Amino acid sequence: MNEFFPDIQQAIPFEGPESKNPLAFKYYNPQQMVGQQTMQEHLRFSVAYWHTFKASGMDPFGAPTFERPWIKAETPMEQAEYTVGAAFEFARKLGAPFYCFHDRDLAPEGATFAESCQNLEKMVAKAKQLQDETGIKLLWGTANLFGHPRYAHGAATNPDAHVFAYAASQVKHAIAATKELGGVNYVFWGGREGYETLLNTDMKREQEQMARFFHMAVDYAKQIGFEGQFLIEPKPKEPTKHQYDFDAATVLSFLRAYDLFDHFKLNIEANHATLAGHTFEHDLTVASINGKLGSIDANIGDPLLGWDTDQFPTDPAICTLAMLVVLKQEGIAPGGLNFDAKPRRGSFDEIDLFYAHISGMDTFARGLLAAHQIIEDGVLDNFIEERYSSYAEGFGKSIIDGQESFDSIEQFILQQGDPAYKSGRQEMLESILHSYV
Ligand code: XLS
Ligand code: NI
Ligand code: NI
């Protein structure tokens with residue numbers, strides 16, 4: 001087998017926080033116990049096939065900048081075979097236990113639909129063999145329903161039923177491929193499910209189409225015995241101006257409205273949350289308190305740019321807030337932390353992929369360690385519990401238990417008068433948070 005990362009001869013080692021070696025982990029120590037589980041079990045890191053192995057560095061202003069050795073091939077299928085080899089070599093040397101892909105990342109589209117399916121089957125067989133050899137597992141599969149021109153006006157929400165049918169047929173095979181590879185989740189990110197102008201769009205109808213599509217996917221999974229978790233990944237805009245799956249709250253209400261709530265959880269991406277005008281921890285929390293935080297696309301946006309820049313996480317404080325949500329819901333499994341992230345266009349070299357992932361993994365490991373300690377010490381939980389303590393007993397409890405009315409409450413106010421003002425202590429809490437980070 002070709003070697004694509006000859007500069008990395010062994011697995012990336014853990015050297016501890018004193019190390020200055022950018023090709024070693026400072027915090028991510030896979031077998032280290034944090035509470036009841038190892039770091040590897042908590043974090044469930046995954047490499048994103050599309051960014052790490054398929055991205056070329058092309059942008060709207062310029063040509064590809066990454067000259068990956070695995071794309072130098074005679075045919076698209078030969079290129080796909082080199083690429084899958086590179087993917088497993090990379091994940092193995094990095095020490096990432098999982099990967100994620102779109103059908104069209106793994107295998108090229110053929111001249112006909114049938115040929116595309118054959119290409120996918122061949123590459124699934126290849127990936128399966130490499131999974132067996134390396135022990136690396138599939139976190140989730142998905143279908144690319146946004147790249148090809150046929151999906152310019154959406155897939156399930158397309159005004160043309162013919163395109164809906166194409167998309168459904170493609171998803172059928174992508175779910176089957178995910179099952180074949182033992183994938184523990186399947187993601188639906190609504191690529192072009194949204195609209196540009198209401199002058200040509202029936203929004204109600206498009207949402208009904210999308211719901212029908214999801215019901216068909218649920219039925220198909222049941223039919224073939226696919227037991228992975230279905231996940232929807234919210235995003236507010238890009239590529240369309242108004243994406244239907246705007247944010248966690250929007251998707252939850254869609255699932256409830258169309259009788260899909262029991263069949264889906266959410267895959268929350270940091271950069272999508274911030275594009276929606278939320279913090280990462282906000283959308284994680286909205287999903288989690290509804291019992292629906294299924295997996296995470298771990299990246300970060302640039303606060304100065306208004307699009308999905310998909311950068312590797314570098315802020316331990318943000319990762320601490322994220323891991324607080326994960327630990328409080330007792331973990332992210334069977335989901336994981338998928339690096340839906342890419343090096344910048346000027347980071348030309350294969351070795352930059354290692355620097356980027358190592359830095360992202362260390363940042364999340366720091367977040368895990370800090371979040372665990374914050375929970376152990378109860379510093380935030382105790383404060384929050386005390387803040388709401390007036391509802392824990394007496395009059396407050398009887399409000400929550402439904403034993404009071406506006407009339408009885410008014411009597412309380414007539415007797416008790418004005419409440420005392422209590423500080424929210426935000427700055428003190430921020431300082432406590434940072435003392436753990
Ligand atoms: C794009 C999405 C995409 C999904 C998978 O913004 O993040 O990469 O994660 O289709
Ligand atoms: Ni994503
Ligand atoms: Ni994204």
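Counting starts at 1 for both ligands and their atoms, following the listed order. Heavy atoms only: backbone and side chains are in, while hydrogens, waters and symmetry mates are out. Keep in mind that what you see is a predicted model, and the values were worked out from it rather than measured.
- When hydrogens are left out, the protein atom nearest atom 10 (O) of ligand 1 is H102 NE2, 2.7 Å; that is the closest non-hydrogen contact.
- Taking the Ni ion (ligand 2) as the corner point, the angle from E233 atom OE2 to D340 atom OD2 is about 170° (rounded to 10 degrees).
- Ion pairing between K328 and D381 holds under the 4.0 Å rule for side-chain N and carboxylate O.
- With hydrogens left out, the protein atom closest to atom 2 (C) of ligand 1 is E233 OE2, 3.2 Å, a heavy atom.
- Counting heavy atoms from C-beta outward, Q9 and E3 have side chains that approach closer than 4.5 Å.
- Put simply, the side chain of D247 reaches to within 4.5 Å of the side chain of H278, judged on heavy atoms.
- The aromatic ring centres of F214 and H263 sit 6.0 Å or more apart.
- Neither the backbone nor the side chain of E238 has a heavy atom within less than 4.0 Å of ligand 1.
- Within the 4.5 Å cutoff, the side chain of Y166 has no heavy atoms near those of the H148 side chain.
- Of the N or O atoms in E269, one or more lie within a sub-3.5 Å distance of an N or O in ligand 1.
- Every heavy atom of H51 sits 4.0 Å or more from the atoms of ligand 1.
- Not a single N or O atom of T142, backbone or side chain, sits closer than 3.5 Å to an N or O atom of ligand 1.
- Using a cut-off of 4.0 Å between Lys/Arg side-chain N and Asp/Glu carboxylate O, K235 and E269 are scored as not salt-bridged.
- The name of the N, O or S atom in E269 nearest to the Ni ion (ligand 2) is OE1.
- Between N267 and ligand 1, not a single N/O pair is under 3.5 Å apart.
- Between the Ni ion (ligand 3) and D308 there is an N/O/S contact shorter than 2.8 Å.
- For ligand 1, the atoms lying closer than 4.0 Å to a non-hydrogen atom of D297 are 9 (O).
- Contacts of N338 with ligand 1, taken as heavy-atom pairs under 4.0 Å, are absent altogether.
- Of all the atoms in ligand 1, the ones that sit under 4.0 Å from a non-hydrogen atom of K235 are 1 (C), 6 (O).
- For W140, no nitrogen or oxygen atom sits less than 3.5 Å from a nitrogen or oxygen atom of ligand 1, counting backbone and side chain alike.
- Scanning all heavy atoms of the two residues, the minimum distance from A91 to I136 falls at CB-CD1, 3.6 Å.
- Shortest distance from the Ni ion (ligand 2) to D297 is reached at OD2 (N/O/S atoms only).
- Within the 4.0 Å heavy-atom shell around ligand 1 one finds D340.
- Side chain of D283 to main chain of A248: a donor-acceptor pair is present (N/O by atom type, distance under 3.5 Å, no hydrogens or angles).
- H51 and D310 form a side-chain donor-acceptor contact under 3.5 Å, judged by distance and modelled atom types alone.
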Check your understanding: Would E208 and K204 satisfy salt bridge (Lys or Arg N to Asp or Glu O under 4.0 Å), going step by step from the backbone distance to the final call?
Key -> CA-CA 6 Å; E208 285 165 4; K204 182 164 191 285; 2.9 Å; yes
